[in-house]
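Read through the structure below, which is laid out as structure tokens, and then see the notes.
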Amino acid sequence: MSNFTIVNHPLVQHKLSIMRNKNTGAKDFRELLSEITTLMGYEITRDFPMEEIEIETPMQKMKAKFISGKKVAIVPILRAGLGMVDGLVSLLPVAKIGHIGLYRDEQTHKPVVYYCKLPQDIEERLVIVVDPMLATGGSSCDAIQMLKERGCNNIRLLCLVAAPEGVRAVQKEHPDVDIYTAALDEKLNENCYILPGLGDAGDRLFGTK
Ligand code: PRP
Ligand code: URA
């Protein structure tokens with residue numbers, strides 16, 4: 001079974017609480033999502049392998065620690081996942097970025113694919129799938145499946161708010177994928193929105209309705 005991590009850091013929790021408030025506007029929502037993603041990026045990269053390479057400080061030579069050639073791809077699920085890209089790129093500036101476009105059908109709540117563009121060597125990379133909302137889990141499961149069909153076997157999922165239903169779905173369909181979230185909420189409503197949640201993440205990010 002994969003790891004399931006709730007990033008409980010006070011800065012993350014404080015910023016998430018501001019995002020949840022319905023009176024928080026798109027500008028603040030965007031900035032907070034980006035800041036939280038950077039903070040969570042610290043956790044998701046915690047186990048990156050290190051190597052020692054000799055350098056010279058102004059004082060003397062030393063063996064200094066560097067991240068050991070980890071090739072990373074960041075894959076946002078459109079649209080809302082776009083709001084998490086910059087926050088991770090600020091930590092991982094040479095990561096490549098793929099895009100998977102999925103929207104939930106309003107009646108069935110099942111994801112529909114409309115776009116997929118991935119780095120050519122995606123199967124050689126650690127792939128971090130980003131999407132703020134893990135509700136039924138359908139979108140994340142399908143995105144992960146698309147990546148696996150292209151040979152990816154090292155995938156992590158970074159979200160902001162998860163419902164128990166979504167976590168269970170990803171753990172069942174993709175037990176090898178580690179999940180990181182800032183919050184595990186109570187449940188889904190009849191329209192498969194997360195309660196208490198933060199509403200429609202894409203609409204709040206981009207000011208649409
Ligand atoms: C939202 C969200 C996730 C998905 C989560 O996207 O950003 O991708 O729903 O729901 P699920 O876990 O039940 O699949 P939405 O389909 O609203 O598209 P958008 O980001 O373009 O608004
Ligand atoms: N998508 C969202 O944006 N919010 C939810 O609560 C569920 C799915």
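Each ligand, and each atom within it, is numbered from 1 in the order the structure gives.
Every atom of ligand 1 is numbered from 1 in the order shown, and the set under 4.0 Å from a heavy atom of Asp131 is 2 (C), 3 (C), 7 (O), 8 (O). Less than 4.0 angstrom separates some heavy atom of Met133 from each of these atoms of ligand 1: 2 (C), 3 (C), 5 (C). Using a 4.0 Å cut-off to heavy atoms of Tyr103, the atoms of ligand 1 that qualify are 16 (O).
The closest non-hydrogen atom to atom 12 (O) of ligand 1, taken over Gly166, Gly202, Cys159, Gly137, comes from Gly137.
Because its NZ or CZ atom is not both nearer than 6.0 Å to the ring centre of Phe48 and within 45° of the ring axis, Arg156 does not count as a cation-pi partner of that residue.
In terms of N/O distances under 3.5 Å, ligand 1 is approached by Arg79. Polar contact with ligand 1: present for Ala80 (N/O pair, distance under 3.5 Å). The shortest N or O to N or O distance between Thr136 and ligand 1 is under 3.5 Å. Residue Ala135 has at least one nitrogen or oxygen atom sitting less than 3.5 Å from a nitrogen or oxygen atom of ligand 1, judged on distance alone.
Residue pairs meeting the salt bridge (charged side-chain N to carboxylate O under 4.0 Å, His left out) criterion with at least one partner in residues 4-22, sequence neighbours excluded, are Lys15-Glu35, Arg20-Asp185.
The presence of a protein heavy atom under 4.0 Å from atom 21 (O) of ligand 1 is confirmed. For atom 2 (C) of ligand 1, the nearest protein heavy atom lies closer than 4.0 Å.
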Quick one: side chains of residues 135-142, donor-acceptor pairs under 3.5 Å with protein atoms, not counting sequence neighbours, listed by atom name and distance.
residue : atom : partner : partner atom : Å
Thr136  : OG1  : Gly138  : N            : 3.1

Under 3.5 Å, side-chain donor or acceptor atoms of residues 77-100 against the rest of the protein: list the pairs with distances, not counting sequence neighbours.
residue : atom : partner : partner atom : Å
Arg79   : NH1  : Thr208  : OG1          : 3.1
Arg79   : NH2  : Asp203  : OD1          : 3.2
Ser90   : OG   : Gly87   : O            : 2.9

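The shortest contact between atom 17 (O) of ligand 1 and any protein heavy atom is with Asp200 OD2, 4.0 Å. Residue, atom and distance of the protein heavy atom nearest to atom 15 (P) of ligand 1 are Arg104 N, 4.2 Å. Protein heavy atom at the shortest distance from atom 18 (O) of ligand 1 is Leu102 O, 4.0 Å.
Of the possible donor and acceptor atoms, none in the side chain of Arg204 sits under 3.5 Å from a partner among the backbone N and O of Gly199. Between the side chain of Asp105 and the main chain of Thr108, a donor-acceptor pair closer than 3.5 Å is present.
Of the inter-residue distances, the one linking Lys148 atom NZ with Ile155 atom CD1 reads 5.5 Å to the nearest 0.5 angstrom. Atom-to-atom distance recorded for Leu39:CG and Gln13:CD is 11.0 Å, nearest 0.5 angstrom. Once rounded to the nearest 0.5 Å, the distance linking OG1 of Thr5 with CE of Met40 reads 9.0 Å.
With hydrophobic clusters built from ILVMFWY side chains whose heavy atoms lie under 4.5 angstrom apart, Tyr115 does not share a cluster with Val127. By the rule that hydrophobic residues join a cluster once side-chain heavy atoms approach within less than 4.5 Å of another member, Leu118 and Leu157 end up as members of one cluster. In the hydrophobic clustering of this structure, Ile6 does not group with Ile128; members are Ile, Leu, Val, Met, Phe, Trp, Tyr whose side-chain heavy atoms approach within less than 4.5 Å, directly or through other members.
Ligand 2 lies under 4.0 Å from heavy atoms of Arg104, Met133, Ala135, Cys192, Tyr193, Ile194, Gly199, Asp200, Ala201.
Residue Ala162 comes nearest to Thr181 through the heavy atom pair N-OG1, 3.6 Å, listed as atom of the first residue, atom of the second, then distance.
Contacts between Ser139 and ligand 1 below 4.0 angstrom, taking non-hydrogen atoms only, involve backbone and side chain alike.
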